Amino acid sequence: MTQNPQIKPAPIKHALTTTRAGDFAAWYQEVISAAEMAEESGVRGCMVIRPWGYGIWERIQHLMDARIKAAGVENCYFPLFIPLSYFAKEAEHVDGFAKEMAVVTHHRLIADGKGGLVPDPEAKLEEPLIVRPTSETVIGQAMARWVQSWRDLPLLTNQWANVVRWEMRTRMFLRTSEFLWQEGHTAHADRTDAMAETLRALEMYRSFSEEALAMPVVAGEKPENERFPGAAATYSIEAMMQDGKALQAGTSHYLGTGFAEAAGIHYQNKEGQQALCHTTSWGVSTRLIGGVIMTHGDDDGLRVPPAIAPQQIVILPMLRDTDEYEALLAYCEELRSSLAKQQALGEPIRVLHDKRPGKATQKRWAWVKKGVPLILEIGGRDAASGQVSVVRRDRLWQDNGKVNFSAMSREDFLGRAASEIEDIQRSLHAEATERRDAQIVRGIDTLDGLKAYFSGDEDKAGQKYPGWVEMGWSRPTGAALEAVVEVLKSLKLTIRNTPLGAGKPEGLCPFTGEAAVETIYVARSY
RNA sequence: CGGGGAGUAGCGCAGCCUGGUAGCGCAUCUGCUUUGGGAGCAGAGGGUCGCAAGUUCGAAUCUUGUCUCCCCGACCA
């Protein structure tokens, strides 16, 4: 077919078999398995998080935990099991979570006489325990004990934990029945203080996403119909995935006094009177990893932002001829230790000398798929002449279809390694921001316009959606809002949030015909 | 939880309709040759065919049940 092989660039042979354009959902699955991030566990909706995936989570924990502590919040740990009676106290909360609860009813197994085991009917629990879907209720019980006086406020706590929600439809990292997260719970003297904390947590998530995950997000308030069960106001950060869908990447809730009332969290104020606390809760989960995959991944696998990469540089000795092993490995080892003494992004550089036996090229592609930011390949001649050969994962290919390695002296590389790492972090963020901004459309101010924009919206393969619409609306409530939600639902759309700091829009609300009072983002979502 | 699809070697799949104790590609191992880089040739190892019952002389193949995964929908971080 190719008439002129000399001038026609060779087709790139990508590391994955599925492309984003071909089948985005299958591509997502393949990245997770090819990058050895997670695998299925045999238990419905639950996954095994493998070292590379868990390493990314540990980085997220490490950086997020520092921010949480810097805000004066203290870590603690509450039980996995919550007495049913605790949970039952907040009515809206119950409505929201009751359908997806794991319940513990027995404490012993006995033989069933057929070689199996069954719960012992004699060992039924007096009161069933639920496996926590979130911990407002138990933590509320503790807060009620801990808070007596205005001097005890604000009470700022956080826990890193696993939670369980019996999901009907699961996807690795994005929605699993059990997931890992951080949940902050705070109690305050009044609304003003609690609201400030809610927004502080939201801003913490926004800056964390942008800076650590290199994932641009919009921070804003969720519409009434999307509120956390029992919350007075819910805020979120929303990220745009490469297929144009929105992902809620973190939430922060102002809970008002509802939970305080249910758990009896009150204090004596300076005037000597009893007052109810205003509480907040906020969390991010392993879902962030799904966001990172769908923000930065490409047709060769994952690309991990350096700030959260378990390893930022991998050194691959090109082991081939036994005679040079020793000198080559010594050279690589020296390189590793020189790099490890340096700092990038405010921390020591994380570098791995991968001297496992095996074909070097095989190992290279494994690291490409894992998305390690910088790969160094070192051959015998490099070692002898003090050179290195390096490729940036975010700039993997040359136009001619070859891997974009560049050779330089060891000194040159040592001199620029840290800035390369920092540049990759910046560059991933810039790329994602540019893509997102290109997929936000403005100026649609009628319902027909919205319908037209999203009709036949999927591309030929059904893998790509036209991004987000930024528009004004009149912020209807109650039944009027329900009507809007129904219209959007028929278009498979949702209101993501009202971005903070967006000025009052001009014109009329396309749903109600009333004057628009605030800006919203409308999109398909995960 | 409703509709659809699927579970066979580490990964991707064929075989199933028309039952006769399992095959291909990649990966793995061995040898030779090559080699500044995703090598070639030859040979080898590796499978309770998701699980459990049933039909049958005989089941990956037919029947029933069950578990898990994927897609669409309802629901949700």
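Model, not experiment: these values are computed from the prediction. As a basis for the values below, the full set of heavy atoms in this structure was taken, side chains included, without hydrogen atoms, waters or symmetry mates.
- A:Trp397 and A:His14 have their aromatic ring centers within a separation under 6.0 angstrom.
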- Could you go step by step and tell me if A:Tyr54 and A:Trp52 meet the ring-ring contact (aromatic ring centres under 6.0 Å, His included) rule? CA-CA 6 Å; A:Tyr54 198 75; A:Trp52 189 248; over 10 Å; no

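- Phosphate contact (OP1/OP2 of B:rC71, side-chain N/O of A:Arg171, threshold under 4.0 Å): present.
- Taking atom NZ on A:Lys245 and atom P on B:rA77, their separation rounds to 17 Å, with Å as the unit.
- Judged by the 6.0 Å distance and 45° axis criteria, A:Arg287 is not positioned over the aromatic ring of A:Trp57.
- Whole-Å rounding puts the A:Leu16 CG to B:rC26 C1' distance at 15 Å.
- The side chain of A:Lys359 lies closest to B:rA39 when the candidates are B:rG37, B:rC76, B:rA39.
- Remark: P of B:rA74 and CG of A:Leu493 are 12 Å apart, rounded to the nearest angstrom.
- Using Watson-Crick or G-U wobble geometry with both donor-acceptor distances under 3.5 Å, B:rA74 finds no partner in any strand shown.
- Nucleic acid contact for A:Val43: sugar-phosphate only, since backbone atoms but no base atoms lie under 4.0 Å from a heavy atom of the residue.
- In this structure, A:Phe97 reaches neither bases nor backbone, as no heavy-atom distance under 4.0 Å exists between it and the strands shown.
- The side chain of A:Thr170 has B:rC70 as its nearest neighbour among B:rG37, B:rA77, B:rC70.
- Under the ring pair (Phe, Tyr, Trp, His ring centres under 6.0 Å) criterion, A:Trp166 pairs with no residue, sequence neighbours left out.
- Judged by Watson-Crick or G-U wobble contacts below 3.5 Å, the nucleotide B:rU18 has no partner.
- Remark: B:rG65 base-pairs with B:rC51; criterion is Watson-Crick or G-U wobble with both hydrogen-bond distances under 3.5 Å.
- Side chain to side chain, A:Glu178 and A:Thr176 fail the donor-acceptor criterion of an N or O pair below 3.5 Å.
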Taking only nitrogen or oxygen atoms into account, show me every contact under 3.5 Å that the protein makes with nucleotides 1-4 of chain B, one pair per line with its distance.
from: B:rC1; atom 1: N4; to: A:Met168; atom 2: O; distance (Å): 3.2

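- In this structure B:rA39 sits in a base pair with B:rU33, meeting the Watson-Crick or G-U test at under 3.5 Å.
- Nucleotide B:rC13 holds its C1' atom 14 Å from the CD atom of A:Glu30, rounded to whole Å.
- Atom CD1 of A:Ile378 is separated from atom C1' of B:rG37 by 13 Å (rounded to the nearest Å).
- Taking every side-chain heavy atom of A:Lys489 into account, B:rC75 is the closest of B:rG37, B:rC71, B:rC75.
- Between A:Arg287 and A:Gln362, it is A:Gln362 whose nearest contact on RNA chain B lies nearer the 5' terminus.
- Of all nucleotides present, none satisfies the Watson-Crick or G-U wobble test against B:rG45 with each distance under 3.5 Å.
- Across all strands shown, B:rG25 forms a Watson-Crick or G-U wobble pair, both distances under 3.5 Å, with B:rC11.
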